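Since the structure is predicted, the reported quantities are computational estimates derived from the model, not experimental observations.
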Amino acid sequence: DYPVQTMTADDNGNYVFPVALGAPQMTEDITLTLTSGGEVVLQNVYSIQDYAHYLLENNYTSETKALVKENQQLSRDETAG
């Protein structure tokens with residue numbers, strides 16, 4: 001579980017939230033469960049790889065894209081052994 005207390009809207013109109021994940025988790029899916037007043041409002045499964053691809057293909061800073069690429073490479077290196 002990665003509890004998130006806040007979400008903000010980015011320049012592309014998407015809601016973003018911080019989740020501390022390392023390179024080994026790049027191949028995993030995460031489940032987002034949005035609750036309000038203790039009730040589940042929304043639940044979606046996200047592929048971290050798909051999200052990384054989205055960041056690389058859209059209007060995000062070169063710093064963000066460099067971090068994504070670095071984590072993708074670390075994930076490949078760890079998978080290769």
Might you work through the side chain to side chain contact (heavy atoms under 4.5 Å, CB included) test for L55 and K65, ending with a clear yes or no? CA-CA 7 Å; L55 292 174; K65 291 180 180 186; 5.7 Å; no
Can you list the steps and then say if T31 with Q43 is a side chain to side chain contact (heavy atoms under 4.5 Å, CB included)? CA-CA 7 Å; T31 300; Q43 190 168 44; 3.6 Å; yes
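Enclosure of atom CG in N44 by more than 12 non-hydrogen atoms of other residues, nucleotides or ligands within 6.0 angstrom is indicated.
Of the inter-residue distances, the one linking L67 atom CG with Y60 atom OH reads 14.0 Å to the nearest 0.5 angstrom. Remark: N58 CG to T64 OG1 distance equals 12.0 Å, nearest 0.5 Å. Separating the CD atom in Q72 from the CG atom in L56 is a distance of 5.5 Å, to the nearest 0.5 Å.
Nearest heavy-atom pair across A52 and V68 is CB-CG1, 3.6 Å. The minimum heavy-atom distance linking D29 with S47 is given by the pair OD1-CA, 3.3 Å.
Inter-residue side-chain proximity for L32 and Y46 is flagged as met; some heavy-atom pair is nearer than 4.5 Å.
Judged by distance alone, with hydrogens and angles left aside, the side-chain atoms of T35 form no donor-acceptor pair with the main-chain N or O of G38 at under 3.5 Å.
Under the 4.5 Å side-chain heavy-atom criterion for ILVMFWY residues, a single connected hydrophobic cluster contains both L42 and I30.
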